[in-house]
There are 2 protein chains.
Amino acid sequence: MKMILKKYCKMSGRSVTNQRKLLLDLIYRAKGHLDADELFRRAKEQQQRISLATVYRNLKLFKEMGLISENRLGENHSHYEIRSPVEHHHLVCRSCGRVEEFDSPLIDEARLRLQQQKEFDIFSVQLKMEGYCPKCKQKRKPS
Amino acid sequence: MKMILKKYCKMSGRSVTNQRKLLLDLIYRAKGHLDADELFRRAKEQQQRISLATVYRNLKLFKEMGLISENRLGENHSHYEIRSPVEHHHLVCRSCGRVEEFDSPLIDEARLRLQQQKEFDIFSVQLKMEGYCPKCKQKRKPS
DNA sequence: TATTTTTTGAGAATCATTTTCATTTTTATC
DNA sequence: GATAAAAATGAAAATGATTCTCAAAAAATA
C-alpha cells in the first residue's frame, strides 16, 4: 500500500504525508465498506490531531487517483473501499444493512453491448441490488 | 395520474391535497430526471405559496407509495421520476451530464441468478454506468 | 539548510434534506 | 352542508454530510 501511495503521489505531484499513509492503510485493512466518520474515528486512535476535513480531502484525492471507490450503499452518506482489481457490485439487505459483494459475467456482457449500442466510452459500472437477506426474509414472514 | 394518486392515498389513509396533485403531475409531465429544486421552481409557478419542505415531504411519500423512484445520477443530490412499469437503468455522461436510459434482459438474468445463489428476496436493482457520450468522446481525443 | 509548494487542523460555511410547530386544509361524522 | 378530528402545510430553524478558508506546519525542491 505505502509503495503504491508513493507511486501515485509522485505521479501527480502530491506530497506523501503521514495522514495519507495512515488513511489509505486503514481503508486497506478495513477490507470493507468504511464511511468517512468511521475512518475518522479509527484514524484518531493513531493520530489524535487528525481532522475530519483531512479525511474528506484525502478520500476525494484517493478517488481521483483511482485507488478507492465510493459507493452509496445506504441513504445519506458514502462508503469507501480499496478499488479491487476485479470490479464487483453490492447486494444490500434493506432490513439489517448486511452487504454482500458479487460480480457477474452477465453484467460485463451487458456493458459491452450497451457500449456498442449507445456508442459511449463506459468506464464505470455501479450496480446495487436491494432486498431481504435470508434471516430478515424469515422474520418478515409472520407479519 | 390524479386517479392513481387518489387511489394510493386512500389506500394508505393519506389526504389528497392540491400540492400532491400538482407535484405528482409535474413529475409526470417532466418525463425525465427532476431534482427537488427544479420541481420546487416549477411548482411555485402555479402555487406561489408552496414550500420546499412540502416538496421533500411528498417526494418521500410518493417514493414510499411506489409511485416514483429516486436516483443518484450526479454527485450531491437526488433525481426523481415516475416509476415506469418496466425497470430501467441509467447511462450518464461524466462530461456533459447527458442521461440515457436503457434496460437489458442480461440484468434481469443476473438478478435471478443472484437471488438463487444468495437466497435474498431482491426487490430493487439500481444500475448506473458512466462514461463519455459520443460527442464528449470526440472532444477529449485532441488532449 | 533555505526556500517554495503543498497539506494540515480547526472551525466556519454550504448544500441537500428533515424537523418543528402553529396554522390551514382535508376527511369523516353528523 | 356544518363541525370536530386528523393530516398536511408553510416558514423557519435544525441537522448531517461534505467542502471551504486561512494561518500554521510539513514536505518537496533547490
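Per chain, numbering begins at 1; letters A, B, ... match sequence-line order. Scope of the values below: all heavy atoms of this structure, side chains included, with no hydrogens, waters or symmetry mates.
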*Asks:* Side chain of B/Tyr80, heavy atoms from C-beta onward: which of C/dG9, C/dT17, C/dT27 has the nearest atom to it?
*Replies:*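 The listed nucleotide nearest to B/Tyr80's side chain is C/dT17.
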*Asks:* It should be established whether A/Thr54 places a side-chain nitrogen or oxygen under 4.0 Å from OP1 or OP2 of nucleotide C/dG9.
*Replies:* yes
*Asks:* Below 4.0 angstrom from OP1 or OP2 of D/dG10, is there any side-chain N or O of B/Gln19?
*Replies:* yes
*Asks:* So does A/Tyr56 get a side-chain nitrogen or oxygen closer than 4.0 Å to the phosphate oxygens (OP1/OP2) of D/dT19?
*Replies:*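 No, because none of the side-chain N or O atoms of A/Tyr56 sits under 4.0 Å from OP1 or OP2 of D/dT19.
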*Asks:* Rounded to the nearest angstrom, tell me the gap between atom CG in A/Asn58 and atom C1' in D/dT18.
*Replies:* 14 Å
*Asks:* Are a donor atom and an acceptor atom from the side chains of B/His33 and B/Glu101 found within less than 3.5 Å of each other?
*Replies:*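 A donor-acceptor contact under 3.5 Å links the two side chains.
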*Asks:* B/His77 side chain: which of C/dT17, C/dT26, D/dA11 is closest?
*Replies:*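 Between C/dT17, C/dT26, D/dA11, the one nearest the side chain of B/His77 would be C/dT17.
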*Asks:* Expressed as a whole number of angstroms, how long is the span from A/Phe40:CZ to D/dT18:C1'?
*Replies:* 13 Å
*Asks:* Using every non-hydrogen atom in the two residues, find where B/Ala43 and B/Leu22 come nearest and quote the distance to one decimal.
*Replies:*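 Heavy atoms of B/Ala43 and B/Leu22 come nearest at O-CD2, 3.7 Å.
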*Asks:* Atom CD1 of B/Ile50 and atom P of C/dT24: how far apart are they, to the nearest Å?
*Replies:* 17 Å
*Asks:* What nucleic acid atoms does B/Leu52 come within less than 4.0 Å of, heavy atoms only: base, sugar-phosphate, or nothing?
*Replies:*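 Base: the residue B/Leu52, judged by heavy atoms under 4.0 Å, touches a nucleobase.
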*Asks:* Can you find a side chain N or O atom of A/Ser78 that sits less than 4.0 Å from OP1 or OP2 on D/dT18?
*Replies:*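 Yes, such a contact exists.
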*Asks:* Does any donor atom in the side chain of A/Ser78 or A/Glu70 lie under 3.5 Å from an acceptor atom in the other side chain?
*Replies:*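 Yes - a donor-acceptor pair under 3.5 Å links their side chains.
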*Asks:* Checking B/Glu81 against B/His90: is there a side-chain donor and acceptor pair closer than 3.5 Å?
*Replies:* yes
*Asks:* Tell me the interatomic distance from B/Arg57, atom CZ, to C/dT25, atom C1', rounded to whole angstroms.
*Replies:*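 Whole-Å distance recorded here is 13 Å.
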*Asks:* I'd like to know if the side chain of B/Asp35 pairs up with that of B/His79 as donor and acceptor (distance under 3.5 Å, no hydrogens or angles considered).
*Replies:* no
*Asks:* Do A/Ile27 and A/Phe62 touch side chain to side chain, with heavy atoms closer than 4.5 Å?
*Replies:* yes
*Asks:* On a plain distance test, is the side chain of B/Arg20 in donor-acceptor contact with the base of C/dT25 below 3.5 Å?
*Replies:*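 Per atom types, no contact qualifies.
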*Asks:* Between C/dT8 atom C1' and A/Lys44 atom NZ, what is the distance in whole Å?
*Replies:*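 Rounded to the whole Å, the gap is 15 Å.
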*Asks:* Let me know the distance between CD of A/Glu64 and C1' of D/dT19, rounded to the nearest Å.
*Replies:*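 Atom CD in A/Glu64 sits about 13 Å away from atom C1' in D/dT19.
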*Asks:* Should A/Asn18 be listed as having a side-chain N or O under 4.0 Å from OP1 or OP2 of C/dT7?
*Replies:* no
*Asks:* Using atom CG of A/Asp37 as one end and atom C1' of D/dG16 as the other, report the distance to the nearest whole Å.
*Replies:* 9 Å
*Asks:* Would you kindly give the CZ-to-P distance between B/Arg41 and C/dA16, to the nearest whole Å?
*Replies:*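 The answer, rounded to whole Å, is 10 Å.
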*Asks:* If you pin B/Ala36 and B/Arg14 to their nearest nucleotides in DNA chain C, which one's is more 5'?
*Replies:* B/Ala36
*Asks:* Strictly below 4.0 Å: does B/Thr17 bring a side-chain N or O up to OP1 or OP2 of D/dA7?
*Replies:*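 Checking D/dA7 against B/Thr17, no side-chain N or O comes under 4.0 Å of OP1 or OP2.
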*Asks:* OP1 or OP2 of C/dT17 sitting under 4.0 Å from any side-chain N/O of B/Asn76?
*Replies:* no
*Asks:* Could you check B/Ala53 against A/Arg49 and say which one's nearest nucleotide on DNA chain C is further toward the 5' end?
*Replies:* A/Arg49
